[in-house]
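These notes concern the structure reproduced below.
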Amino acid sequence: MSQPAQIDMEKLAALARIALTDEEKKRFGEQLGTILNYFEQINSVDVAGVEPSSHAFPVFNILREDDAGPTLDIEAFARIAPKFNREDSHLIVPRVVDDES
């Protein structure tokens, strides 16, 4: 593995608008240099003939048929609902959100 890349931590800290101690500049500079060297290693890999992909493995969308399921027995629901509009099959509930913000 090659030496870590040299990074101007003064300039980087100024761009990021952060204050770094000399110890932090040294430590972060070494860490960022090591990360950049990993990118160099990745760039050196021969990918000629490799098709680009967004996933490492094929991804399939598994869909199921739409199924409405069992219908609700409106009369049974109306018996237990405190306020039920039979014509529109709407349940009327108390307001839980205030209009005031």
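All residue numbers refer to positions in the sequence shown, counting from 1.
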Atom pair [atom1]/[atom2] of [X] and [Y] - distance to nearest 0.5 Å:
{"X": "Glu30", "Y": "Lys25", "atom1": "CD", "atom2": "NZ", "answer": "14.5 Å"}
{"X": "Gln31", "Y": "Ile7", "atom1": "CD", "atom2": "CD1", "answer": "10.0 Å"}
{"X": "Phe60", "Y": "His55", "atom1": "CZ", "atom2": "NE2", "answer": "11.5 Å"}
{"X": "Asn43", "Y": "Tyr38", "atom1": "CG", "atom2": "OH", "answer": "15.0 Å"}
{"X": "Glu10", "Y": "Asp22", "atom1": "CD", "atom2": "CG", "answer": "7.5 Å"}
{"X": "Ile42", "Y": "Asn37", "atom1": "CD1", "atom2": "CG", "answer": "11.5 Å"}

Are Ile18 and Leu12 packed together at the side-chain level, in the sense that at least one heavy-atom pair is separated by less than 4.5 angstrom? no
Closest non-hydrogen contact found for Ala13 with Leu20 is CB-CD1, 3.9 Å
Checking Glu24 against Thr21 for the side chain to side chain contact (heavy atoms under 4.5 Å, CB included) test, could you report, in this order, the C-alpha distance in whole Å, the side-chain angles of both residues, the deciding distance, and whether it holds? CA-CA 5 Å; Glu24 290 171 328; Thr21 65; 3.2 Å; yes
